[in-house]
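Structure first, commentary second.
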Amino acid sequence: MKKPAAPPPSTPPTERNFFHDVYEVVRLIPPGRVSTYGAIAHYLGTRQGSRAVGYALNASNLDALTAKREHPVPAHRVINRLGQLSGRHHFPTPTAMQERLEAEGVRVEDATVVDFNRLFWDPSKELE
DNA sequence: CATGTGACTGTGG
DNA sequence: GCCACAGCCACAT
């Protein structure tokens, strides 16, 4: 038999397991609420994988396929633990993230979500 | 398989 | 509260 060596089939740019999981959770964030990279990572089991979450969201935004789905990933609702829009520079325009949030009623000042603590949506607690 | 990178986070000074 | 360092995860080269 040929030894397959289990090669990852050419790494399909869309939807790896981890990425898919991230997208699923992010889609569950209600409009007008926000979550954090760390909270999502923790919910997925990788408590220290917050960077990977951002990595996945970045991919979702760049990937036109993923971005144009019927249920696009609301990546603008994911911010860092300080309530800052740390990912804003990865959107089509530097202000897109803030504008999308404000369109949902989330106030943003100085690249930071106002009342972040109150709007914070933690999948580990909300979804349980 | 080693190295580098990043939309992060926790800890210590 | 701010800055510097270190740790972890997934992915590209």
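Naming: A, B, ... by sequence-line order, numbering from 1 per chain. Basis for what follows: all heavy atoms, side chains included, without hydrogens, waters or symmetry-related copies.
- If you measure from atom OH of A:Tyr23 to atom P of B:dA7, you get 15 Å, rounded to the nearest angstrom.
- Nearest approach of A:Asn61 to A:Ala75, heavy atoms of both residues: ND2-CB, 4.3 Å.
- With rounding to whole Å, A:Arg88 atom CZ is found 11 Å from B:dA7 atom C1'.
- In this structure, A:Arg27 and A:Pro74 have side chains that are in contact, with non-hydrogen atoms separated by less than 4.5 Å.
- Two residues, A:Arg81 and A:Gly54, neighbour DNA chain B, and the one matched to the more 5' nucleotide by heavy-atom proximity is A:Gly54.
- The residues A:Arg33 and A:Glu104 are annotated as not salt-bridged, no charged nitrogen and carboxylate oxygen being separated by less than 4.0 angstrom.
- Rounded to an integer number of Å, the gap from CZ of A:Phe120 to C1' of B:dT9 is 13 Å.
- For the residue pair A:Thr36 and A:Val78, the shortest heavy atom distance occurs at C-CG1, 4.0 Å.
- Regarding A:Gln84, its CD atom lies at a distance of 12 Å from the C1' atom of C:dC2, rounded to whole Å.
- For the pair A:Leu101 and A:Leu85, the minimum side-chain heavy-atom distance is below 4.5 Å.
- Distance from the side chain of A:Tyr55 is smallest for C:dA12 among the nucleotides B:dC8, C:dA12, B:dA7.
- Contacts with DNA chain C (heavy atom under 4.0 Å) in residues 45-53 of chain A: A:Thr46, A:Gln48, A:Gly49, A:Arg51, A:Ala52, listed by number.
- With salt bridges taken as basic N to acidic carboxylate O contacts below 4.0 Å, one links A:Glu109 and A:Arg107.
- C:dC11 is paired with B:dG4 under the Watson-Crick or G-U wobble criterion, all donor-acceptor distances under 3.5 Å.
- The side chain of A:Phe19 lies closest to C:dA10 when the candidates are C:dA10, B:dC8, B:dA7.
- Put simply, CG on A:Asn17 is 17 Å from P on C:dC9, counting in whole angstrom units.
- Here A:Asn80 lies in heavy-atom contact (under 4.0 Å) with sugar-phosphate atoms only.
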Assess the residue pair A:Asp21 and A:Tyr23 against the criterion (side-chain contact (heavy atoms from CB on, under 4.5 Å)); give the C-alpha distance rounded to whole Å, side-chain angles, the decisive distance to 0.1 Å, and a yes or no.
CA-CA 5 Å; A:Asp21 288 344; A:Tyr23 301 159; over 6 Å; no
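- The separation between A:Phe116 atom CZ and B:dC8 atom P is 13 Å, rounded to whole Å.
- Residue contacts for A:Ala56: at a heavy-atom cut-off of 4.0 Å it reaches no nucleic acid atom on any strand shown.
- Between the base of B:dA7 and the side chain of A:Tyr37 there is a donor-acceptor pair shorter than 3.5 Å.
- Between the C1' atom of C:dA10 and the CG atom of A:Leu44 lies a distance of 12 Å, rounded to the nearest Å.
- As rounded to whole Å, 9 Å separates atom C1' of B:dT9 from atom CG of A:Leu82.
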